[in-house]
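Chain naming here is simple, since letters A, B, ... match the order of the sequence lines and numbering starts at 1 in each.
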Amino acid sequence: MTGNANVKLDDLTRYSGEWLRGVGPQSDIVISSRIRLARNLADYPFISRASPQDRGRIQGQLQTAIPSLADQDDLLCIDVEELAAVDRQFLVERQLISRELAEASGARSVAIGRDEKFSLMINEEDHLRIQVMESGLDLESAWDRINRIDDLIEEKVTFACDETLGYLTACPTNVGTGMRVSVMLHLPALVMTRQIDKVFRSLHKISLAVRGLYGEGSQAMGDFYQISNQITLGRSEKDLIKQVGDVVPVVIKYERQAREFLVQESQENLHDRVSRAYGILRNAQTISSEETMHLLSSVRMGVNLGLIDDLKIPIVNELFIHTQPAHLQKLSGSELDTTDRNIERARYLRRHLAQADRPDSENN
Amino acid sequence: MKCQKCEKPANFHITELTGGKPQEVHLCEDHAREYLTQAGEAGEPPAGTNMAAAMAQQMAQQIAAQMAIGQTADELEKLDQQACPVCGITFYEFRSQGRLGCPNDYVCFKKQLEPLILNIHGESQHVGKSPKGASVASRERTQLIRLRREMKSAIAEEAYERASQLRDQIRQIEGGRESRMGGDE
Ligand SMILES: [Zn+2]
Ligand SMILES: [Zn+2]
C-alpha cells in the first residue's frame, strides 16, 4: 500500500459514491443493495488468535492477491492502521469500512473501487470481507460482481472451507456461504404511521434481520433501515438473495401505502411538516447531526411525493453523508469540536440547499 | 413547539394511526425514543449498536443456555478448559468472546458447535459455492497454524534448536503449497 492516504481520501471527499446517485430500480425508497462475503485464509488463525506477525502476513498475502482485480477496476488501497481517527470515521460514514475495522488495532487495510461500489476489508472480524454495493434494488448485479471478485482472489489464495460447513468464519453465525445480503430502505411513512414495528416482527418470523442504519433506539436516524438475511448455512447464495429480494418489494408496497395514506388523510400536516423541515435546514445557524438526519428524512420524502420541486434526490442523499461529523471536517479542511461542527453543518446545508434552487448549478 | 412530556423542544413528530383519526404526537428525542421502544419487541439488540458485538453477545448467551442443560458444574468447568491444539483457544475464551480462534475449532469443538450452529441456521449442511481447490490438503494448512505458534513460543523460550526444526517444517509445507498453487511469495 503505497502513496499518501490523505491525498487519496481528499480525492474521495470531492465525489460521492456511485451508490448514492439515486438511480436504479425503486430508488425513491431503496437507497442501496449490498452483498458481503466473509473469507479466511486456511493457514492462519482467525483474527482473535492472530499474532501481529500473522496479521502482517495475512495482509501481505491478500494484498498480493488483489492486484488481479486491478485490470477491471482502478483500486484505491488504504492502510487503515496508519489513518487518523477522523479519516477512519470518514470511511465508516461512507460505508466503505465497518465500525469494527475502524476501531480495531493492528495491521488492517481496505481496498476501494474508484466508483466506491466495492471494498475489500482486510483483517476485520474475518481475514477478508468483500463488499459490493449497487444503487437502488439490484441484488443480481451485486452478486454477479462479488462472485467474480471472489473467484479472482481465490485463484491466488486458499480459503478455509469445509465440505459440511462451507466457508469457515470466525463467528459461527457467518459459516456456510459467509454471505450477508442487505438492502437499505428509506421508510419515513412507516415510521410516521407507527407501522414499522409490525414490519419488523413479520420479517423476524422469516429469519430476516432489520436494523436501523444510524443512531440508537428503535427510530433509526433518518428513517433508514437495513433488511438482511440472518441465516448463512444450508441455503445457496441464489436462495439467500431471492429471499431478501422477494421480501423487499412487499416492504416497499407498505411504505407506498403509508405515504398514500398520509397524503390522503393529512395532506396539510404532511405538507407542513415537509416544508418546515426544509425551512429549518435552509435557515438554521447551528444544527446537530441527529436533527439534520431527521429533517432530511422528511425533505427526502417530500421530494419523492412532489411536495418539494426544486431539489433533487442525489443532492439529498449526498447531504445525509456530507453532514456527518468526519465528512464535515474533511470538507471544511479543519478539526472541529461539536459546537463548531453544528455551526459548520448549518452553513453547509444553507449553502447547498440555496444552490439547489438555481437550476444551472447542479454540478457542484 | 415543546415536547408533550417535558420542557425540551419537540424535534420528533409521530403520527399515531391506531384509533380513529390520525393524531400527531410531538416529543423530544428522549421521549420519542421511549415512545417508540414501548411498541418494540423485547430481546432485540438495539438498532445502530455495533452489530458484530451484539451478535457475539447473543451467541455467548445461546452457548451458556445450551450448556446449562444436562451438565454438572464439574463437566462445564472441564469443557471450559478444553483447548484447541492448533491455535490454543480454550472453550471458555470462545464462549465469552463469541469468536473462534482458527478453522480447526470447528473440528475440536464440534460436539458443542453442532447444536449451536443448528440453532442459529436451522441447517447443518452447506449448500452453495465452494472454492475450486477446496479439497487440497486442508490438514496440512491447519498444521501451519500450530507450527508457527510453536515456533514463536520456542523463540520466546530461547529454544533455538527446536525453533529451527519447526521453521524447516513450516517451509516444507509452505513450499509444497506454493508449488501446487503456482503462487509467488
Ligand atoms: Zn420530552
Ligand atoms: Zn483453534
Side-chain angles (χ1 to χ4, degrees), chain A residues 40 42-46 48-49 51 54 61 64 98-100 125 147 154 156 158-166 168 170-173 175-177 192-195 197 200-201 204 211-221 231-237 262 265-266 269 273 290-291 294, chain B residues 11-18 22 24 29 32-33 36-37 39-41 46-52 55-56 59 87-89 97-103 106 113 116-117 120-134 136 138 141-142 144-145 148-149 152 177 181 183 185:
Chain A
N40 289 278
D43 51 357
Y44 287 93
F46 295 143
S48 71
R49 300 293 292 182
S51 66
D54 288 332
Q61 272 207 30
T64 25
S98 62
R99 202 161 289 281
E100 176 142 347
E125 180 181 308
N147 191 26
E154 205 181 84
K156 306 277 178 180
T158 308
F159 290 136
C161 194
D162 178 278
E163 269 184 28
T164 310
L165 289 173
L168 302 177
C171 189
T173 48
V175 82
T177 54
M192 278 173 77
T193 57
R194 295 200 65 201
Q195 295 181 83
D197 289 317
F200 279 23
R201 280 194 293 272
H204 279 295
R211 288 183 188 81
L213 188 64
Y214 306 102
E216 289 161 19
S218 72
Q219 178 164 25
M221 288 304 159
I231 290 168
T232 55
L233 178 71
R235 290 191 206 176
S236 70
E237 289 84 356
L262 289 171
E265 299 297 312
S266 51
N269 282 346
R273 176 183 165 135
E290 284 79 8
E291 191 180 359
H294 182 65
Chain B
N11 291 328
F12 288 79
H13 312 280
I14 299 155
T15 311
E16 179 63 78
L17 279 186
T18 47
E24 287 249 73
E29 199 183 324
R33 189 167 294 159
L36 289 162
T37 358
E41 211 173 313
T49 49
N50 186 333
M51 188 177 136
M55 281 176 98
M59 168 128 25
C87 73
I89 195 173
Q97 302 163 2
R99 308 273 160 84
L100 293 162
C102 81
Y106 284 99
L113 284 175
L116 179 73
I117 286 171
I120 297 169
H121 300 284
E123 299 281 346
S124 50
Q125 173 66 51
H126 172 56
V127 179
K129 187 175 182 179
S130 282
K132 283 159 199 86
V136 187
S138 77
R141 276 187 238 107
T142 27
L144 276 174
I145 301 174
R148 286 198 203 100
R149 188 166 65 93
K152 209 177 146 228
R177 185 200 62 194
M181 305 252 324
E185 230 183 326

Spatial distance of atom OG (B:S130) from atom CG (A:D162) [nearest 0.5 Å]: 9.5 Å
Test salt bridge (charged side-chain N to carboxylate O under 4.0 Å, His left out) applied to A:R49 - qualifying residues, sequence neighbours left out: B:E93
Spacing of A:S48 atom OG and B:Q97 atom CD [to the nearest 0.5 Å]: 5.0 Å
Check ion pair B:E123-A:R235 (N to O, under 4.0 angstrom): no
Options B:C87, B:G88, B:G101, ranked by heavy-atom pairs under 4.5 Å with chain A, top entry: B:G101
Within-4.5 Å side-chain heavy-atom neighbours: A:T232 and B:H121: yes
Residue A:D54 versus chain B: region with a heavy atom under 4.5 Å: side chain
Donor-acceptor contact present, side-chain B:Q125 to main-chain A:L165, <3.5 Å: no
A:S98, part contacting chain B, at a heavy-atom distance under 4.5 Å: neither
pair B:L113-A:P172: side-chain heavy atoms closer than 4.5 Å: yes
Main-chain N/O of A:G234 paired to B:H126 side chain as donor or acceptor, under 3.5 Å: no
Any donor-acceptor pair under 3.5 Å from B:R148 side chain to A:Y44 backbone: no
